[in-house]
Novice: 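Following this message is one structure expressed as structure tokens.
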Amino acid sequence: MMLSNGRAIYHNCFTFCEFAITFAKNNRMSSLFNKPKSIEFKNIKPVYRENLPKLYIETYGCQMNVSDSEVVASIMQSNGYVITERIEEADIVLINTCSIRDNAEQRVWGRLDIFRLEKKKRPSILVGVIGCMAERLREELMDHDKLVDLVVGPDAYRELPQLVRAAESGQKGINVLLSREETYAEISPIRLDKNGVSAFISIMRGCNNMCSYCVVPYTRGAERSRDPKTILREAEELFANGYREVTLLGQNVNSYRWKGQDEDTNFAELLEMVAQVSPSLRVRFSTSHPKDISDEVLYTIAMYENICNNIHLPVQSGSSRILKLMNRNYTRDFYMERIRAIRHILSDCSISTDIITGFCTETEEDHQDTLSLMEWVNFDFAYMFKYSERPNTKASRHLTDDVPEEIKTKRLNEIILLQHKLSELSKKKDVGKSFEVLVEGESKRSAEYYYGRTSYNKVVVFPKESCRIGDYIYVEISDCTPATLIGKIVEE
Ligand code: SAM
Ligand code: SF4
């Protein structure tokens with residue numbers, strides 16, 4: 001069967017019954033969430049005024065941290081601060097931090113040394129550490145050479161203005177309490193991105209999965225979902241402000257679940273509601289956990305042209321034995337079954353992943369399992385990491401970080417080399433084809449070129465001609481590198 005959006009649906013997997021369920025859900029949802037007819041315009045960009053106190057924020061780590069910095073900017077702007085990109089004129093310097101691997105934390109300590117030089121020049125500035133490191137290392141940070149005035153965890157950002165006042169009067173501003181409810185649901189983030197085209201929307205916070213290597217459940221607390229009405233409002237506001245792409249964010253978006261007074265919304269339903277904001281608003285989401293990505297989500301992607309054909313599905317390892325030690329709650333076979341489902345339900349979809357190499361007890365055979373799974377899936381893209389033991393995680397308490405550093409490095413290099421080949425093949429198969437591309441900005445390499453992305457999340461570079469940032473255009477691909485497609489605009 002071919003849907004109106006041109007996506008093929010296979011008769012044997014998408015039965016009439018499932019079709020009927022999907023349509024029934026559409027109807028139910030449109031009556032529950034009547035969208036406003038016209039979207040009210042509200043400025044969501046930073047406002048700058050010379051005479052107001054200035055906040056400088058530097059962000060490290062995942063997309064969730066980028067999204068959190070925008071919430072922080074919003075809270076501070078509505079309390080009389082303006083955002084500056086120049087540290088030299090800031091009254092408050094905040095660093096939003098990541099604890100996921102040791103090198104992420106080392107980078108932050110390095111930046112704090114630079115901030116110390118700034119504070120020597122201007123002792124009145126306040127320096128604050130926010131995010132995961134604030135949660136994990138509150139004491140060390142507070143004792144750090146009298147540099148840090150504020151330590152604020154991911155669930156305490158509403159308290160920032162009060163904590164700043166406390167710090168201004170010479171006290172230490174600290175709040176690292178984790179919450180079971182906080183989602184910053186009704187706060188409109190101030191958008192700090194440069195392009196004005198694509199934005200993140202946080203749909204949930206925290207994580208309940210307790211992967212044995214991971215610090216996130218400890219630094220970001222328990223999983224909680226955000227009211228879908230506020231998510232929709234944010235998507236509508238972004239669209240009214242000219243944004244053409246939103247990425248729904250959560251540590252495990254597939255376990256999104258909102259139970260309101262008279263509504264019960266799962267991730268597939270939320271995805272559909274956001275896709276209905278406008279056919280011209282692209283929708284992406286990240287991250288999916290293999291154990292939870294349901295066929296219902298895949299069918300929803302198939303139904304909407306504007307839900308992008310890309311799934312980020314972190315596998316972490318190709319060995320079922322290692323997956324068990326990682327507490328991932330799926331096996332290699334289960335992961336392969338989910339890939340088959342993606343390929344079956346979505347006729348064409350790019351798949352990216354995360355891989356950790358050198359986890360506790362990993363043997364050469366386990367490593368070969370990872371390499372063979374990578375080839376089998378044919379990942380279009382991957383983030384690849386060496387295992388970094390994090391204090392107090394289950395792995396640090398019960399397992400030994402026993403793969404020698406040089407073996408970790410050797411295995412990581414092999415994984416990177418293989419992915420390089422797979423990524424190149426994935427790009428090469430696009431040469432000669434045309435793709436719809438959302439124009440996102442000027443190419444870093446040349447002012448005569450724009451860059452944008454296809455629905456498959458592949459970056460395309462092309463001569464500007466007469467298009468503008470935020471336009472949808474068609475680009476015919478003539479060449480590629482392992483990271484980028486190169487082409488020219490064509491009529492479609
Ligand atoms: N929640 C997402 C998930 O489960 O895939 C992403 C979590 S984390 C921010 C992003 C990636 O960092 C993980 O997928 C994993 O590959 C990697 N990671 C997490 N803890 C790590 C550790 N201790 N050492 C190395 N890599 C790690
Ligand atoms: Fe960490 Fe696992 Fe949660 Fe991802 S799903 S944030 S890897 S505990």
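Remember, it's 1-based here, ligands and their atoms both numbered in the order they're listed. Residue indices begin at 1 and follow the sequence shown.
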Novice: What is the minimum heavy-atom distance between Tyr243 and Arg191, and which atoms define it?
Specialist: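 For Tyr243 versus Arg191, the nearest heavy atoms are OH-CB, 3.3 Å.
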
Novice: Quick one: does Asn103's side chain have a donor or acceptor within less than 3.5 Å of a partner on Gln106's backbone?
Specialist: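 Side chain of Asn103 to backbone of Gln106: no pair is present.
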
Novice: Checking ring pair (Phe, Tyr, Trp, His ring centres under 6.0 Å) against His312, which of Phe285, Phe381, Tyr383 comes through?
Specialist: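 Only one option passes, and that is Tyr383.
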
Novice: Between atom CD1 of Ile301 and atom CG of Leu271, what is the distance when rounded to the nearest 0.5 Å?
Specialist: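 These two atoms lie 6.5 Å from each other.
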
Novice: Which ligand 2 atoms does Arg328 reach within 4.0 Å, using its non-hydrogen atoms?
Specialist: 2 (Fe), 7 (S)

Novice: May I ask you to decide if the ring planes of Tyr157 and Tyr184 are parallel, tilted or perpendicular, using 30° and 60° as cut-offs?
Specialist: parallel

Novice: Under 6.0 Å from the NZ atom of Lys172, do we count more than 12 heavy atoms belonging to anything else shown?
Specialist: yes

Novice: More than 12 non-hydrogen atoms from neighbouring residues, nucleotides or ligands closer than 6.0 Å to CZ on Arg180, yes or no?
Specialist: no

Novice: Can you confirm whether Thr409 sits close enough to Ile407 that some side-chain heavy atom of one is under 4.5 Å from a side-chain heavy atom of the other?
Specialist: no

Novice: Filter the ligand 1-protein atom pairs down to N or O on both sides and distance under 3.5 Å, then list them.
Specialist:
from     : atom 1 : to     : atom 2 : distance (Å)
ligand 1 : 1 (N)  : Gln251 : O      : 2.8
ligand 1 : 1 (N)  : Gln251 : OE1    : 2.9
ligand 1 : 4 (O)  : Arg328 : NH1    : 3.4
ligand 1 : 12 (O) : Arg101 : NH1    : 3.2
ligand 1 : 14 (O) : Gln316 : NE2    : 2.8
ligand 1 : 14 (O) : Asp354 : OD2    : 2.6
ligand 1 : 16 (O) : Gln316 : OE1    : 2.7
ligand 1 : 18 (N) : Arg101 : NH1    : 3.4
ligand 1 : 23 (N) : Tyr213 : O      : 3.1
ligand 1 : 23 (N) : Ser388 : O      : 2.8
ligand 1 : 24 (N) : Ser388 : N      : 3.1
ligand 1 : 26 (N) : Arg101 : NH1    : 3.2

Novice: Got more than 12 heavy atoms from elsewhere within 6.0 Å of CD, Glu337?
Specialist: yes

Novice: For atom 1 (Fe) of ligand 2, state how many protein N, O or S atoms fall inside a distance shorter than 2.8 Å.
Specialist: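 Excluding waters, the total comes to 1.
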
Novice: Less than 4.5 Å apart, side chain to side chain, heavy atoms only: is that true for Ser212 and Phe359?
Specialist: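 Counting from C-beta outward, Ser212 and Phe359 do come under 4.5 Å.
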
